[in-house]
2 protein chains.
Amino acid sequence: MYTALYNHINTFVDLSNDEREILASMLKSFLFKKKAFLLEQGQICRSNYFVVKGCLRLYFIDIKGVEQTTQFAIENWWITDLTSFLFQKPSDFFVQAAEDTRVIAIEQHRYDEMFERLPKIEKYFRLILQKNHQASQRRIMFLYSFTAEERYRHFNSLFPEFVQRIPQYMLASYLGFTPEFLSKIRAKK
Amino acid sequence: MYTALYNHINTFVDLSNDEREILASMLKSFLFKKKAFLLEQGQICRSNYFVVKGCLRLYFIDIKGVEQTTQFAIENWWITDLTSFLFQKPSDFFVQAAEDTRVIAIEQHRYDEMFERLPKIEKYFRLILQKNHQASQRRIMFLYSFTAEERYRHFNSLFPEFVQRIPQYMLASYLGFTPEFLSKIRAKK
DNA sequence: ACCTTTTCTTAATCTACATTAAGTTTTTTG
DNA sequence: CAAAAAACTTAATGTAGATTAAGAAAAGGT
């Protein structure tokens with residue numbers, strides 16, 4: 001049931017079968033259809049989501065009414081609006097399935113209990129939060145270093161198959177420019 | 001000696017005196033003069049730094065040779081190039097004192113030991129990494145929502161005293177524009 | 001297979017911000 | 001306190017990328 005998550009956890013810490021069972025009792029598994037919403041702006045974020053297969057995206061609608069994608073999560077990544085999730089207050093974000101997506105969810109009222117009962121999970125989350133922090137430092141450097149065109153070419157060379165998988169307008173806003181400009185770049189070669 | 005850090009830790013978890021002593025044996029305290037480097041590009045990042053008083057900044061030099069400030073750390077914030085620190089590989093970044101700064105440092109070879117011996121510190125770091133992740137989500141939203149001028153006015157209204165404390169060219173690059181443009185904005189009113 | 005909706009493209013025009021360069025003010029240092 | 005260095009300002013010119021608008025292609029539903 002939760003083997004994808006167990007496997008991921010095991011690349012960081014060793015969980016016993018007993019620990020896996022305790023953990024399993026706190027998790028839920030869902031399948032979301034493409035375009036389904038896991039969270040909408042104004043709602044309170046109930047869960048932190050681990051992507052087993054598929055792709056979720058986190059986005060908001062800016063002052064001009066345009067969707068701005070701030071994060072993607074593919075296989076083995078967690079995604080949520082942390083502020084809304086932790087403090088149970090209304091979110092500024094949407095979480096939506098970019099394709100049919102299998103997720104494992106932990107609800108907020110179970111989240112702290114999980115750390116109390118499973119110290120190894122405390123370490124696991126500390127380690128994946130470190131990875132997130134590394135990714136954020138890299139992303140800021142990336143945004144501040146390169147032009148729009150360079151950002152696209154770089155991203156495309158790192159994740160060519162992912163670029164095929166998702167609509168271009170989502171990628172454009174993630175990289176910080178408009179879909180029209182992305183079209184222009186792509187036409188160039 | 002390390003009371004500023006103990007106080008900060010205690011806002012998240014309760015440390016006993018014994019635990020404080022163990023922790024103290026792994027820490028070092030330093031005073032850096034304004035403009036002193038704690039880390040330079042190409043060096044391996046030896047420590048993670050907690051700012052007791054003063055201000056550190058993380059920056060890199062972009063392709064055009066311009067300094068790009070990606071992070072500030074003031075009282076009660078940790079700062080380091082995480083990738084270089086965790087994997088002991090050469091850094092792309094500089095860490096520099098923006099003013100005379102008192103720091104508490106934990107070296108990399110002590111870092112994992114700290115978590116082994118002090119599970120409460122595992123929780124403490126998980127919690128501050130969560131705070132970092134929240135801050136990153138907010139920052140990306142902020143960068144994608146507003147014009148340069150709006151970003152400056154917003155930042156200035158949130159941290160008016162901090163804006164006075166640091167050179168404008170550092171702030172300009174942190175907010176994603178040039179010092180000349182910041183001058184122009186400020187002249188407007 | 002057809003119709004609707006969504007996504008992508010093209011091209012003309014526009015603008016926020018960068019660049020360059022010179023001068024001025026402030027801070028630092030001997 | 002004088003000289004040098006660092007930080008800031010002003011203004012003219014340039015450009016990456018936004019905006020607008022209309023049409024084309026692809027995807028999805030029945």
Side-chain angles (χ1 to χ4, degrees), chain A residues 32-37 54-55 57 59 61-69 72 94 96-101 142-156 162-189, chain B residues 32-37 54-55 57 59 61-69 72 94 96-101 142-156 162-189:
Chain A
F32 289 98
K33 283 278 180 202
K34 186 171 175 173
K35 298 204 177 174
F37 289 102
C55 178
R57 66 164 178 145
Y59 73 93
I61 294 186
D62 72 15
I63 292 171
K64 293 176 179 161
V66 179
E67 290 180 8
Q68 301 291 348
T69 299
F72 290 109
F94 298 79
Q96 188 188 33
E99 18 184 74
D100 292 357
T101 303
F142 181 66
L143 282 172
Y144 283 33
S145 292
F146 300 116
T147 66
E149 178 161 357
E150 287 165 344
R151 294 198 299 274
Y152 168 70
R153 302 225 181 272
H154 183 78
F155 190 88
N156 192 48
F162 181 69
V163 170
Q164 303 306 324
R165 259 164 76 180
I166 52 155
Q168 288 182 35
Y169 72 89
M170 291 184 193
L171 182 61
S173 68
Y174 178 75
L175 293 174
F177 47 79
T178 60
E180 291 85 354
F181 192 69
L182 179 50
S183 260
K184 201 168 172 179
I185 291 169
R186 293 177 48 130
K188 278 175 68 175
K189 209 185 123 267
Chain B
F32 289 98
K33 283 278 179 202
K34 186 172 176 173
K35 299 206 178 172
F37 288 102
C55 177
R57 67 165 179 144
Y59 73 92
I61 295 185
D62 72 14
I63 291 171
K64 294 177 179 161
V66 179
E67 290 180 8
Q68 300 290 347
T69 299
F72 291 108
F94 298 78
Q96 189 187 32
E99 20 186 69
D100 292 355
T101 303
F142 181 66
L143 282 171
Y144 283 34
S145 292
F146 300 115
T147 65
E149 179 162 356
E150 288 165 344
R151 294 197 301 273
Y152 168 71
R153 301 223 182 273
H154 183 76
F155 190 90
N156 191 48
F162 181 69
V163 169
Q164 303 306 326
R165 256 164 79 180
I166 51 154
Q168 287 183 35
Y169 73 91
M170 291 184 192
L171 182 62
S173 69
Y174 179 75
L175 293 175
F177 47 79
T178 59
E180 291 85 354
F181 192 69
L182 180 49
S183 260
K184 203 168 171 178
I185 292 170
R186 293 179 49 131
K188 278 174 69 175
K189 209 188 126 268

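These numbers come from the heavy atoms of this one structure, side chains and all, not from hydrogens, waters or symmetry mates. In what follows, every chain begins at residue 1, and chains take the letters A, B, ... in the order their sequences are listed.
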Inter-axis angle, terminal five-pair segments of the helix from C:dA1-D:dT30 to C:dG30-D:dC1 [nearest 10°]: 70°
A:E99 has an atom CD; how far is it from atom C1' of D:dG28, in whole Å? 16 Å
Calculate the interatomic distance between B:K34 atom NZ and D:dA7 atom P; express it in whole Å. 8 Å
Over how many whole Å does the gap from A:L143 atom CG to D:dG17 atom C1' extend? 15 Å
Distance (rounded to the nearest 0.5 Å) between A:Q68 CD and B:L143 CG: 11.0 Å
Answer yes or no: is there a side-chain heavy-atom contact under 4.5 Å between A:Y59 and A:M170? no
Out of D:dA7, D:dT9, D:dA18, whichever nucleotide has its closest atom nearest the side chain of A:K184: D:dA18
Provide, to the nearest angstrom, the distance between the OH atom belonging to B:Y169 and the P atom belonging to D:dT9. 14 Å
Evaluate the side-chain proximity of B:I166 to B:Y174: yes if any heavy-atom separation is below 4.5 Å, no if none is. no
Exactly one of B:R165, B:K34, B:R57 clears side-chain hydrogen bond (donor to acceptor under 3.5 Å, both in side chains) with B:E99, and that residue is B:R165
Assign each of A:R151 and A:E180 the nucleotide of DNA chain D bearing its closest heavy atom; nearer the 5' end lies the nucleotide of A:R151
Range on DNA chain C touched by chain A, heavy atoms, distance below 4.0 Å: C:dT6 to C:dT10
Angle class for the A:F146/A:H154 ring planes (parallel below 30°, perpendicular above 60°, tilted otherwise)? parallel
Are B:Y152 and B:F177 an aromatic pair, judged by ring center distance below 6.0 Å? no
Round to the nearest Å and state the distance from A:F181 atom CZ to D:dT19 atom P. 13 Å
Taking OP1 and OP2 of D:dA18, is either one under 4.0 Å from a side-chain nitrogen or oxygen of A:T178? yes
Donor-acceptor pair, B:S173 side chain versus B:T69 backbone, under 3.5 Å? yes
Side chains of B:D62 and A:Y144: closer than 4.5 Å at any heavy-atom pair? no
Here the distance between atom P of D:dA6 and atom CG of B:L171, to the nearest Å, is 21 Å
B:Q168 has an atom CD; how far is it from atom C1' of D:dA7, in whole Å? 8 Å
Comparing A:K35 with A:L182, nearest DNA chain C nucleotide closer to 5' gives the residue A:K35
